[in-house]
Amino acid sequence: MAKSKQQVQDSLLYRIRHSSAHIMAEAMLERFPEAHIAIGPPIEDGFYYDFALPRPVNDEDMAWVENRMKEIIRGGFAFTVKEVSPDEARTFFAKQPYKIELINDLVEGRVDENGAEIAAPAEKLTFWTQDTFTDLCRGPHVENTRQINPDAISVTFKPPAGAYWRGDEKREQLTRIYGTAWETPEQMQEYLHLLEEAKKRDHRILGERLGLFTISQLVGKGLPLWKPYGAILRDTLERWLRQTQIDNGYLPVVTPHIAKLDLYKTSGHYPYYKDSQYAPIKVDDDEFLLKPMNCPHHIMIYKSEMRSYRDLPLRLAEFGTVYRYEQSGELNGLTRVRGFTVDDAHLFVAPNQLLEEFKKVVSLIQNIFNSLGLTDFRARVGTRDPESDKYVGSDVLWERATAAIIQACEDLKLPYTIESGEAAFYGPKLDFMVRDVLKREWQLGTVQVDYNLPERFDIEYVAEDNTRPRPVMIHRAPFGSMERFIGILIEHFAGVFPVWLAPVQVMMVPIADRHYEYADGVAAQLRSAGVRVEVDKGKGRMGGKIREARERHIPYMLIVGDKDMEAQTVSVRMRTDEDLGALPLADFQKMIVGLIESHSLELK
RNA sequence: GCCUUUGUAGCUCAGUCGGUAGAGCACACCCUUGGUAAGGGUGAGGUCAUGGGUUCAAUUCCCAUCAUAGGCUCCA
């Protein structure tokens, strides 16, 4: 059962983390007496505190602070609370400008320390004190620092980071120190271990080691180059999805990577996302834009013919590559790039077909994720923030679209949460949030309902009664971006891909040179059955070849020597180190082809 | 874009308190023909990210740029 907010705040762990933040601030103020303190809340897995400091912090500072925190904890200081008037608070924090700002906002009834609006102006404020440190804080805290285990906290586990005051990029940047805190040292070790596991799965490192992709400075950052093994993986996924879509009534289209600027002015993308697009290219008297979205192109295909209600739903699909000038600090391996391919499709439907078609799309995406072993997902329904003016279109249309999405989730019994302000500018959306094996949540596929672009482009169809209604559009991409999705897959599988996705499925390991010919023959036969095979003719002994194939997570190693040649067998060793012994080639072939065709996650 | 970190061979890293560099892996050649997690030898490979500055002298110190990592902000 979900815990209420109050229960979470009262939990021991929450109080340990909150109190640890105060203790860190105390230690930091000893190290940097001229520091200005901002806020220090508990967060998932720990806490942080933001400071304005006279100089950058270094490892030595952090080690000192951590040690000092442990001393303070061992000191057995009580946490005490006191009510103060706004004036007392202002006097106490006279030299702490961020605290003064917080006090003023609380007293004048604007927002609390988290930026949330408060119901009424505060007449009394609370101070919490431990040892020499007092903070403006509403608590709760542990009763005594002894309730914190000094060996279950760390502030050196993560480097200091920059963070804008109140999350506003227009305001000054503070130094944020992250800490982690747990009830027992074992729990902390477990957490640190999980962080290490995540690091080992880093797709940027695995991608390099497994030869999947590379990023060249000369080509440009955020513009990944797919190497053969990565391209095989990607192509396998694309072919599978393409076929699945054809089976579900989608029609392929292909559109160029560039178009006239006016196209995106009509769609609204250009004015709206100007800052994150590559600048327009001037040629003669025209201006062109590298395509930031596929939808306008697909709309022009829709518009190229007179459409009848008989044509709907019309489902146009394309692996369309788009370019966005993402902020440089955002770029990250394959998961955030400047050029990427969307497994895009735009569905043009009659208004009364919307719900049914939307549900079909959602269940198609569910099936796709399930077949990849990504079974832990939920839906996030992104709606319009009523306060914001960044959205286009009328209220009626937004309400209709939002209602359709929620209805679909209900009908499909898909768990969902509604998040205000997460919509696209032209319509509400449903995002698939997927948890990988390390329980990290990623945003993957997205489905959006759109009444606005049909209007902007003035598209219509001829209805049964000879009227000309507008179709509704559904934008959808199960993977989202091939780059990002494969980055996540690499981490999810830790580079150990299911057989059907493995770039190399079988490595032949001939024992001596005289077995090359036999190995080549086996490889040729498997290849003709559609299996991806390599023959290791490198120098070195069998042990080395096995070691290398294991490290590349190649599902099967087929060792062939005199005995195998004589018996016309292959000795099968799997990457799990399980040995299947000598099998007739035909038996092995039957097994692996079956596993590949069924997209099995198993090796036998 | 902003704050902080880092940038030495294809990869992982050592080193130079300022006098132009070294290891392992990988690669090439030779020897070895070995039945389930690294056989041995030799060799090639670096404008020490780039551009400025300080200095008799810069890979080393300073500045800028580019790239990288951790965050913040943003994400159609």
Side-chain angles (χ1 to χ4, degrees), chain A residues 48 50 52-53 55-59 157-178 199 202 204-205 208-209 211 214-218 220-222 264 267-270 272-277 291-296 322 324-333 335-338 342 344 382 390 392 422-427 429 443 446 448 450 453 475 477 480-481 484 509-516 538-551 557-564 571-575 577-579 581-582:
Chain A
Y48 68 80
D50 288 346
L53 300 172
R55 65 165 175 86
V57 286
N58 54 42
D59 292 353
F157 79 115
K158 205 183 225 183
Y164 298 108
W165 168 233
R166 297 203 142 174
D168 183 346
E169 65 177 326
K170 293 192 180 60
R171 305 205 58 180
E172 57 272 44
Q173 186 131 205
L174 307 173
T175 302
R176 173 168 299 177
I177 312 281
Y178 282 98
K199 217 170 164 185
D202 190 321
R204 294 165 298 187
I205 294 166
E208 163 79 41
R209 233 186 62 209
T214 186
I215 292 171
S216 146
Q217 290 193 23
L218 196 52
K221 63 174 173 177
Y264 305 104
S267 73
H269 289 109
Y270 179 70
Y272 194 81
Y273 290 103
K274 202 164 177 279
D275 293 339
S276 50
Q277 287 166 356
K291 154 162 97 172
M293 277 300 263
N294 296 305
C295 21
V322 298
R324 298 178 188 174
Y325 196 79
E326 302 287 358
Q327 296 186 23
S328 65
E330 275 314 319
L331 301 176
N332 178 287
T335 56
R336 194 77 188 269
V337 291
R338 284 180 172 165
V342 186
D344 222 346
K390 75 170 190 176
V392 298
E422 292 289 328
F425 76 92
Y426 49 73
K429 61 178 182 171
Q443 184 205 317
T446 177
Q448 300 161 5
D450 178 7
L453 288 180
H475 307 235
S481 126
R484 178 178 160 80
V509 180
I511 289 172
D513 292 10
R514 64 176 177 282
H515 307 122
Y516 283 2
K539 65 171 184 187
R541 290 162 201 266
M542 188 186 52
K545 294 177 180 179
I546 289 171
R547 182 188 156 89
E548 196 196 331
R550 280 181 91 262
E551 282 177 352
M557 287 152 259
L558 301 188
I559 290 98
V560 290
D562 292 335
K563 294 178 213 162
D564 298 289
S571 294
V572 183
R573 179 187 171 126
M574 304 192 295
R575 65 181 169 203
D577 289 337
E578 195 181 339
D579 192 345

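Note that these values count all heavy atoms, side chains included, but never hydrogens, waters or copies made by symmetry. First the proteins, then the strands, lettered A, B, ... as listed; each starts at 1.
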Separation between the C1' atoms of rU59(B) and rG46(B), rounded to whole Å: 11 Å
Gap between atoms CD1 and C1', on Ile205(A) and rC25(B) respectively (whole Å): 17 Å
Nucleotide opposite rA38(B) in a Watson-Crick or G-U pair, distances under 3.5 Å: none
Span that lies between the P atom of rG24(B) and that of rA9(B), in whole angstrom: 16 Å
Touch class at under 4.0 angstrom, heavy-atom based, for Ala161(A) against every strand present: base
For atom NE2 of His475(A) and atom P of rC75(B), their distance in whole Å: 18 Å
Nearest non-hydrogen partners of Arg338(A) and Glu326(A), listed with the distance: NH2-O, 2.8 Å
Sugar-phosphate only, base, or nothing, as touched by Pro292(A) at under 4.0 Å among non-hydrogen atoms: base
rC72(B) OP1/OP2 closer than 4.0 Å to side-chain N/O of Tyr178(A): yes
Separation of atom CZ in Arg484(A) from atom P in rA76(B), rounded to whole Å: 11 Å
Sugar-phosphate only, base, or nothing, as touched by Tyr426(A) at under 4.0 Å among non-hydrogen atoms: sugar-phosphate
Donor/acceptor link under 3.5 angstrom from Arg171(A) side chain onto base of rC72(B): no
Touch class at under 4.0 angstrom, heavy-atom based, for Asp275(A) against every strand present: nothing
Partner nucleotide of rU65(B) by Watson-Crick or wobble geometry (both distances under 3.5 Å): rA49(B)
Rounded distance in Å between the P positions of rG10(B) and rU5(B): 27 Å
Side chain of Ala512(A) - closest among rU36(B), rC74(B), rG34(B): rG34(B)
Pair Tyr273(A) and Tyr264(A), ring centroids less than 6.0 Å apart: no
Phosphate-side-chain proximity, Arg547(A) and rU36(B), N/O vs OP1/OP2 below 4.0 Å: no
Plane angle bin for His269(A) and Tyr426(A) - parallel if under 30°, tilted between 30 and 60°, otherwise perpendicular: perpendicular
Gap in Å between the two C1' atoms, one belonging to rC25(B) and one to rA14(B), rounded: 15 Å
Base of rA76(B) and ring of Tyr273(A) stacked, centres under 5.5 Å, planes under 30°: yes
Length of the line joining Gln217(A):CD and rU50(B):P, which is rounded to integer Å: 10 Å
Nearest-nucleotide 5' precedence on RNA chain B, Val560(A) against Pro159(A): Val560(A)
Sugar-phosphate, base or nothing in reach of Phe425(A), heavy atoms under 4.0 Å: nothing
Pair assignment for rC11(B), Watson-Crick or G-U wobble, requiring both distances under 3.5 Å: rG24(B)
Shortest side-chain distance from Ser571(A), nucleotide among rU36(B), rG1(B), rG34(B): rU36(B)
Arg324(A) (side chain) and rC75(B) (base): donor-acceptor pair under 3.5 Å: no
Nucleotide of rA76(B), rC3(B), rG70(B) approaching Gln277(A) most closely (side-chain heavy atoms): rA76(B)
base_contact_polar (rG10(B) base, Glu208(A) side chain, donor-acceptor, <3.5 Å): no
Touch class at under 4.0 angstrom, heavy-atom based, for Gly167(A) against every strand present: sugar-phosphate
Side chain to side chain contact (heavy atoms under 4.5 Å, CB included) between Asn332(A) and Arg204(A), worked out: CA-CA 8 Å; Asn332(A) 178 287; Arg204(A) 294 165 298 187; 3.2 Å; yes
Spacing of Arg176(A) atom CZ relative to rC2(B) atom P, expressed in whole Å: 19 Å
rC48(B) to rG18(B) separation - C1' atoms, rounded to the nearest Å: 14 Å
Any N/O donor-acceptor pair, Ser276(A) side-chain to rA76(B) base, under 3.5 Å: yes
Integer-rounded Å distance: rC72(B) P and Arg336(A) CZ: 13 Å
Atom pair distance, as rounded to whole Å: CD1 in Ile177(A) and P in rG70(B): 17 Å
rA76(B) OP1/OP2 closer than 4.0 Å to side-chain N/O of Lys429(A): yes
Touch class at under 4.0 angstrom, heavy-atom based, for Arg541(A) against every strand present: base
Touch class at under 4.0 angstrom, heavy-atom based, for Gln327(A) against every strand present: base
P atoms of rA76(B) and rA67(B), separation to the nearest Å: 24 Å
Identity of whatever pairs with rA76(B) - Watson-Crick or G-U, under 3.5 angstrom: none
Euclidean distance for P, rC13(B) against rU54(B) (whole angstrom): 35 Å
Backbone N/O of Pro292(A) and side chain of Arg324(A): donor-acceptor pair under 3.5 Å: yes
Short side-chain N/O contact to rG35(B) OP1/OP2 from Lys563(A), under 4.0 Å: no
Greater than 12 external heavy atoms within 6.0 Å of Asp59(A)'s CG: no
Touch class at under 4.0 angstrom, heavy-atom based, for Gly561(A) against every strand present: base
Toward the 5' end of RNA chain B, by each residue's nearest nucleotide, Asp202(A) or Asp513(A): Asp513(A)
Short side-chain N/O contact to rA67(B) OP1/OP2 from Lys221(A), under 4.0 Å: yes
Where Tyr178(A) and Tyr48(A) come nearest, the two heavy atoms and their spacing: CD2-CB, 3.9 Å
Side chain to side chain contact (heavy atoms under 4.5 Å, CB included) evaluation trace for Lys158(A) with Arg176(A): CA-CA 11 Å; Lys158(A) 205 183 225 183; Arg176(A) 173 168 299 177; over 6 Å; no
Sugar-phosphate, base or nothing in reach of Gln448(A), heavy atoms under 4.0 Å: sugar-phosphate
Worked check of salt bridge (charged side-chain N to carboxylate O under 4.0 Å, His left out) between Arg573(A) and Asp579(A): CA-CA 5 Å; Arg573(A) 179 187 171 126; Asp579(A) 192 345; over 6 Å; no
Distance-only donor-acceptor test (3.5 Å): side chain Asp562(A), base rG35(B): no
Expected output: side-chain Asp202(A) to main-chain Lys199(A) donor-acceptor under 3.5 Å: no
rG45(B) versus rA26(B) - spacing of their C1' atoms, nearest Å: 11 Å
Whole-Å gap separating C1' (rG35(B)) and CZ (Arg514(A)): 11 Å
Which nucleotide in rC66(B), rU36(B), rG35(B) has an atom nearest any side-chain atom of Arg573(A): rU36(B)
Sugar-phosphate only, base, or nothing, as touched by Asp168(A) at under 4.0 Å among non-hydrogen atoms: nothing
